[in-house]
Amino acid sequence: MQVRQDKLTQWRHEGQAYPNHFRRDALAGDLQARYGDMDALALEQEPIQARLGGRLMTRRVMGKASFADIQDQSGRIQLFVSRDALGEEHYARFKALDFGDIIGVEGTLFRTKTGELSLKVHSLQLLSKALRPLPEKWHGLSDAETRFRQRYVDLIVTESARRTFQIRAETVAALREGLRQRGFFEAETPMMHAIPGGATARPFMTHHHALDMTLYLRVAPELYLKRLVVGGIEQVFEINRNFRNEGISTRHNPEFTMLEWYEAYADYRDAMDLTETLIRAAAQAALGGTQIQYQGLEIDLGKAFVRMSVSESVRAHNPDLADADLRDPEVLAAKLTQLRVPCEASWGWGKRLIEIFEKTVEGHLQQPTFITEYPLEVSPLARRNDLDPEVTDRFELMIAGRELANGFSELNDPEDQAARFRAQVEAKDAGDEEAMFYDADYIRALEYGMPPTAGVGLGIDRLVMLLADQPSIREVILFPHLRPE
RNA sequence: GGGAAUGUAGCUCAGUCGGUAGAGCAGCGGCCUUUUAAGCCGUGGGUCGCGGGUUCGAAUCCCGCCGUUCCCA
């Protein structure tokens with residue numbers, strides 16, 4: 001690094017060390033795509049000139065001529081640099097460059113003896129000095145901590161990381177486009193809530209100095225988006241961050257990205273249809289197909305997703321339980337004890353059943369499966385089922401053993417909603433950190449009348465993990481949370 | 001929160017039984033006009049995560065702390 005520092009000082013003395021006048025007219029990847037098929041003779045007869053900017057990644061100096069690779073956002077291309085073409089002084093300067101330096105080159109495309117499309121460089125200049133050395137070219141950067149802390153280095157040297165974030169960008173774009181095409185309106189609702197709501201989760205707290213009040217980072221945008229439905233924005237969505245003050249793991253980051261959408265005059269079955277369609281379209285856009293591999297597992301997003309109720313799925317994986325047992329708190333408690341899950345006395349049959357579901361079913365649902373009819377107890381914002389008021393018109397989508405989306409027919413009865421909030425407040429008073437607050441303004445909004453509506457929340461990070469075949473959420477978040485160095 | 005693994009040169013990694021800290025790549029000085037992990041000759045580079053302890057002597061053994069990774073809650 002000291003040597004590079006000295007070189008920079010030298011450059012400063014010789015003139016402009018960080019010039020800003022260079023303009024490129026081509027990208028490496030575009031040249032490869034456009035002229036990759038042109039043979040040597042054709043390139044000679046019809047010379048293609050190009051100006052490229054990029055980072056010097058490799059160099060092979062063979063005396064008076066050299067090869068080098070530069071990388072830009074589109075990819076790489078090989079340069080052929082010779083003393084004859086540049087002159088003694090400029091060639092010496094080229095040899096004094098370091099890996100990682102950002103240079104501008106101008107030259108003519110040609111094909112080498114081995115047939116590689118390359119740029120014969122006529123002129124070359126240093127645009128920005130790399131004072132720190134890049135990781136080794138062969139092994140790259142493998143230390144996960146450095147990859148996440150110094151993502152900028154990771155992105156320079158790790159092709160697979162660039163690909164993952166490309167998939168992420170394509171996925172988000174496809175979801176946004178799919179909703180916009182269907183007439184949905186994109187909204188941005190508050191990230192800072194006086195009353196956090198919309199999910200059962202522990203919030204982060206912060207303080208507003210001028211107002212001298214506690215504010216919470218949102219755990220979900222749900223209640224604000226539904227206020228917009230009341231306001232007449234009948235198809236609305238938001239793609240943005242949520243914050244949950246809970247454990248960190250390969251599947252949880254304190255801030256994560258969620259897509260939520262709401263559609264009036266639709267129910268949870270319509271919502272399942274759209275969920276399925278959007279995920280399929282996202283896979284198609286990001287990967288070019290719906291047949292995917294996740295950690296060695298073949299997953300088919302092209303086939304119709306299976307739909308089954310919580311009860312059906314629990315029965316299927318627990319043959320020792322009869323239908324009637326699923327509503328019997330005592331039997332469920334015994335089952336939990338058998339599964340070595342501590343069962344709290346305050347839990348009703350619904351909460352107990354869901355614990356059994358999570359322990360015995362969830363992990364087995366590899367292929368896309370909608371699980372429906374969640375107990376009312378664990379669904380404080382979902383509409384009651386008309387035939388069975390103890391369950392709700394709700395679903396969760398499971399793929400590769402994980403929850404990917406959650407949706408339901410929205411509860412638009414303000415009196416029922418007020419009662420559900422009161423039950424949540426009771427749970428909170430009893431010590432449940434994740435229970436919801438009573439949101440009086442939300443009840444007031446519902447009292448103006450919300451049309452029958454369905455809504456869905458889809459975890460973007462988890463979808464990207466699936467599509468990019470990544471085992472950890474940290475691989476799909478550019479700057480995952482780490483403790484300070 | 002519990003358990004396991006891990007931290008050594010810029011990067012990727014060795015380091016045996018406790019006895020002067022190593023390799024490859026990168027760097028630096030040379031040679032080399034079609035290479036692609038280019039090659040050949042020469043050469044510099046360390047807070048062994050941090051703090052304590054045991055010992056004549058600690059990268060190595062013990063204790064504590066910090067970071068990271070994975071598993072579990």
Side-chain angles (χ1 to χ4, degrees), chain A residues 1-8 10 28 32 40 43-44 55-71 75-88 90-92 94-101 107-121 129-154 156-159 202 245-253 295 336 339-344 355 358-359 362-363 401 433-434 470-475 479-485:
Chain A
M1 196 169 157
Q2 187 52 53
V3 177
R4 293 181 182 223
Q5 200 66 258
D6 294 343
K7 284 182 189 170
L8 175 61
Q10 183 68 24
Q32 302 277 16
L43 285 169
E44 251 175 70
R55 197 180 283 278
L56 183 67
M57 299 305 290
T58 68
R59 183 174 46 185
R60 297 167 289 283
V61 177
M62 293 152 306
K64 299 178 187 66
S66 303
F67 290 95
D69 291 293
I70 58 165
Q71 172 174 300
R76 287 190 185 193
I77 194 162
Q78 177 169 268
L79 307 179
F80 178 75
V81 186
S82 68
R83 190 195 59 177
D84 292 350
L86 282 190
E88 194 86 51
H90 282 93
Y91 188 64
F94 163 75
K95 287 202 287 184
L97 292 174
D98 291 295
F99 294 138
D101 285 353
T108 314
L109 283 181
F110 77 111
R111 209 165 271 284
T112 63
K113 220 191 272 181
T114 57
E116 181 166 349
L117 186 69
S118 306
L119 190 76
K120 190 170 285 175
V121 174
K129 184 77 199 150
L131 291 175
R132 293 177 186 268
L134 290 178
E136 197 208 348
K137 63 191 168 205
W138 187 240
H139 297 94
L141 190 57
S142 69
D143 179 59
E145 181 175 358
T146 311
R147 289 189 46 231
F148 301 149
R149 281 196 201 283
Q150 295 178 244
R151 183 68 91 181
Y152 38 90
V153 179
D154 188 36
I156 293 169
V157 300
T158 313
E159 164 69 28
R202 185 174 177 168
N245 203 345
E246 292 165 0
I248 298 178
S249 76
T250 47
R251 288 176 296 281
H252 299 85
N253 196 61
Q295 304 293 293
L336 282 170
L339 293 170
R340 274 181 278 177
V341 175
C343 178
E344 310 218 354
E355 290 286 326
E358 286 176 1
K359 186 82 177 177
E362 193 170 282
E433 300 258 25
E434 296 185 350
Q470 292 296 333
S472 167
I473 197 169
R474 283 182 275 265
E475 295 287 350
F479 298 101
H481 182 77
L482 298 174
R483 285 190 171 82
E485 277 181 88

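In what follows, chains carry the letters A, B, and so on, assigned in the order in which the sequence lines appear, proteins first and then strands, with residues in each chain numbered from 1.
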Give [X] one of three labels, base, sugar-phosphate or nothing, depending on what nucleic acid heavy atoms sit under 4.0 Å from its own.
| X | result |
| --- | --- |
| A:Arg76 | nothing |
| A:Glu485 | nothing |
| A:Leu134 | nothing |
| A:Gly140 | sugar-phosphate |
| A:Asp84 | base |
| A:Ser118 | nothing |
| A:Thr112 | base |
| A:Lys359 | sugar-phosphate |
| A:Ser66 | nothing |
| A:Val157 | nothing |

Say we look at [N] and [M]: how far apart would their [atom1] atoms be, to the nearest angstrom?
| N | M | atom1 | result |
| --- | --- | --- | --- |
| B:rC66 | B:rC50 | C1' | 7 Å |
| B:rG29 | B:rA5 | P | 46 Å |
| B:rU68 | B:rG27 | C1' | 28 Å |
| B:rG53 | B:rC70 | C1' | 31 Å |

Output the single nucleotide from [options] whose closest atom is nearest the side chain of [X].
| X | options | value |
| --- | --- | --- |
| A:Met62 | B:rU35, B:rU69, B:rU12 | B:rU35 |
| A:Ser142 | B:rU69, B:rU33, B:rC13 | B:rC13 |
| A:Phe148 | B:rA26, B:rU69, B:rU33 | B:rU69 |

Pairing nucleotide - [N], Watson-Crick or G-U, each distance under 3.5 Å:
| N | value |
| --- | --- |
| B:rG22 | B:rC13 |
| B:rG39 | B:rC31 |
| B:rG1 | B:rC72 |
| B:rG7 | B:rC66 |

Any side-chain N or O of [X] under 4.0 Å from OP1/OP2 of [N]?
| X | N | answer |
| --- | --- | --- |
| A:Ser82 | B:rU33 | no |
| A:Arg149 | B:rG67 | no |
| A:Lys113 | B:rU34 | no |
| A:Arg483 | B:rU68 | yes |
| A:Arg60 | B:rC40 | no |
| A:Lys137 | B:rC11 | no |
| A:Lys95 | B:rC31 | no |
| A:Thr250 | B:rU69 | no |

Taking side chain as C-beta onward, heavy atoms only, is [X] less than 4.5 Å from [Y]?
| X | Y | answer |
| --- | --- | --- |
| A:Asp69 | A:Arg60 | yes |
| A:Lys129 | A:Asp98 | yes |
| A:His252 | A:Ile473 | no |
| A:Phe99 | A:Asp101 | no |

Pair A:Leu134-A:Met57, side-chain contact (heavy atoms from CB on, under 4.5 Å): steps then yes or no: CA-CA 9 Å; A:Leu134 290 178; A:Met57 299 305 290; 4.1 Å; yes
Steps toward side-chain contact (heavy atoms from CB on, under 4.5 Å) verdict (A:Phe479, A:Asn253): CA-CA 10 Å; A:Phe479 298 101; A:Asn253 196 61; over 6 Å; no
Pair A:Glu475 + A:Arg147, salt bridge at N-O below 4.0 Å: yes
Check: A:Gln78 side chain, B:rU35 base, donor-acceptor under 3.5 Å: yes
Whole-Å gap separating P (B:rC70) and CD1 (A:Ile473): 12 Å
